[in-house]
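Numbers here simply count residues along the sequence, with the first being 1. Values below: all heavy atoms of this structure, side chains included; hydrogens, waters and symmetry mates excluded.
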Amino acid sequence: TGSLYHGQTGSMVTAGGYVFVAHQQYGLLAVDPEIDEVITVFSMAEIVENEKAGIGSVVKSKDGTLWCSVAGDVQGTGSTLPYLVHIDPAELAVIEVITLPDEIEAPSNSWYAWTPDSFCASSVTNSLYWGGGSRWFRGTNIYRFDIDTNEMRQIIDLDTDGEDWKLYGCSMRLHPKTDEIYMSLYHEFSIPTYITRRYTSEGEKIQDYQMIENYWFPSLPVFPEKTYASGNPEITATGSGIIIEYSDGNIVIKNADGKEASIYTMSGCRIGGASVAGSYFTMPVSDMPTGIYIVKAGDKAEKIAIK
């Protein structure tokens, strides 16, 4: 609550020709990038008529409008207020303030030492998603708001699996093409066990990706664009029947006789490879660290989890 927590800026989006910035003390700033000046300030305290209120973060929904979550104070305590503020970025005007029902937790915020929070918008549907709760690292409930139908509901309850997983504050985002949900989960700060988990947009679990034992302090999931500046190979579903799998310490490649096979880290570094010989080819990888890798053979590439 001291000087560290005064004047932080958080999430930013572009819309309507402006840059909108979440500012811990003042609210949502509308910046004209042509003249590099703040031209409008949306005070959450004034909008929701609560003198202690601050902004959580800001996202842009698929329809191009803005949505702000509301913090219970500007001191970085993690407290929340049960509102969503809807803003027209072109008119620089508040469209509506939605009061959340009692059974829906407000989006958590993470101003404690600014990191992104879990409030995010889909690029596929006109929907918002967030992890709820007024404590930074104790969230177990994930919610979805369908803007077009005005339906708001819980889609994930991490408590139901009996494994005591919690959402690591900031680390949840949506795949921009598939709308699948990716998040980092943990137990307690004293336990160096983390996983990355993947869900459908409706909250059905798809897969867990084990992380090596460590204190990860995870941040946002990021999704590479089609052009890979880092050198990552293009991942494609084509490949003329080529199959790439992992089995018992081996990468198994089928139907790729004569093709070149390569293994990449997720950062795009090539760490191994071989020429494929035969319709059923194996590459031993048991001595490699566990994690997620990209394996490419011919024009087929797959993400492979080495366990």
With distance as the sole test, does [X] use its side chain to make a donor-acceptor pair with the main-chain N or O of [Y] at under 3.5 Å?
X      : Y      : result
Asn109 : Val70  : no
Ser127 : Ser122 : no
Lys296 : Gly298 : yes
Lys166 : His187 : yes
Ser11  : Val58  : yes
Lys60  : Thr14  : yes
Asn255 : Gly241 : yes

[X] atom [atom1], neighbour heavy-atom count above 12 within 6.0 Å:
X      : atom1 : value
Met288 : CE    : yes
Glu96  : CD    : yes
Glu163 : CD    : yes
Tyr215 : OH    : yes
Phe281 : CZ    : yes
Asp63  : CG    : yes
Glu34  : CD    : no
Glu51  : CD    : no

Mind checking whether Phe119 and Ile142 sit in one hydrophobic cluster, side chains of I, L, V, M, F, W, Y counted as touching below 4.5 Å?
no
Is there a path of hydrophobic side-chain contacts, each under 4.5 Å between heavy atoms, that joins Trp67 and Ile87?
no
Quick check: do [X] and [Y] have side-chain heavy atoms less than 4.5 Å from each other?
X      : Y      : answer
Trp111 : Val74  : no
Asn214 : Tyr194 : no
Glu302 : Glu245 : no
Glu180 : Ile206 : yes
Met172 : Ile181 : yes
Glu105 : Gln154 : no
Asp32  : Glu37  : no
Pro116 : Arg173 : yes

Which is it for Trp130 and Asp117 under the side chain to side chain contact (heavy atoms under 4.5 Å, CB included) test, yes or no, and what are the steps along the way?
CA-CA 8 Å; Trp130 65 87; Asp117 58 36; over 6 Å; no
Run the numbers on Tyr143 and Met152 for side chain to side chain contact (heavy atoms under 4.5 Å, CB included), then give the verdict.
CA-CA 7 Å; Tyr143 302 92; Met152 194 177 296; 5.6 Å; no
According to the interplanar angle, ranging from 0 to 90°, do the rings of Phe20 and Tyr18 count as parallel (below 30°), tilted (30 to 60°) or perpendicular (above 60°)?
perpendicular
Is it true that Glu151 and Arg144 have a side-chain N and a carboxylate O under 4.0 angstrom from each other?
no
Does the pair Glu260/Arg270 count as a salt bridge with the N-to-O cut at 4.0 Å?
yes
Walk me through whether Val124 and Thr178 qualify under side chain to side chain contact (heavy atoms under 4.5 Å, CB included).
CA-CA 8 Å; Val124 179; Thr178 67; over 6 Å; no
Below 6.0 angstrom between ring centroids: does that apply to Tyr293 and Tyr246?
no
Close aromatic pair by centroid cut-off 6.0 Å: Trp216 and Tyr168:
no
Could you give the distance from [atom1] ([X]) to [atom2] ([Y]), rounded to the nearest 0.5 Å?
X      : Y      : atom1 : atom2 : answer
Glu188 : Asp164 : CD    : CG    : 6.5 Å
Phe145 : Leu84  : CZ    : CG    : 6.5 Å
Ile155 : Thr200 : CD1   : OG1   : 7.5 Å
Leu66  : Ile95  : CG    : CD1   : 8.0 Å
Asp179 : Tyr129 : CG    : OH    : 4.5 Å

Would you please name every residue forming a salt bridge (Lys or Arg N to Asp or Glu O under 4.0 Å) with Arg197, sequence neighbours left out?
Asp161, Asp208
Just do the side chain to side chain contact (heavy atoms under 4.5 Å, CB included) check on Met44 and Leu81 with the steps written out, would you?
CA-CA 10 Å; Met44 296 298 117; Leu81 289 175; over 6 Å; no
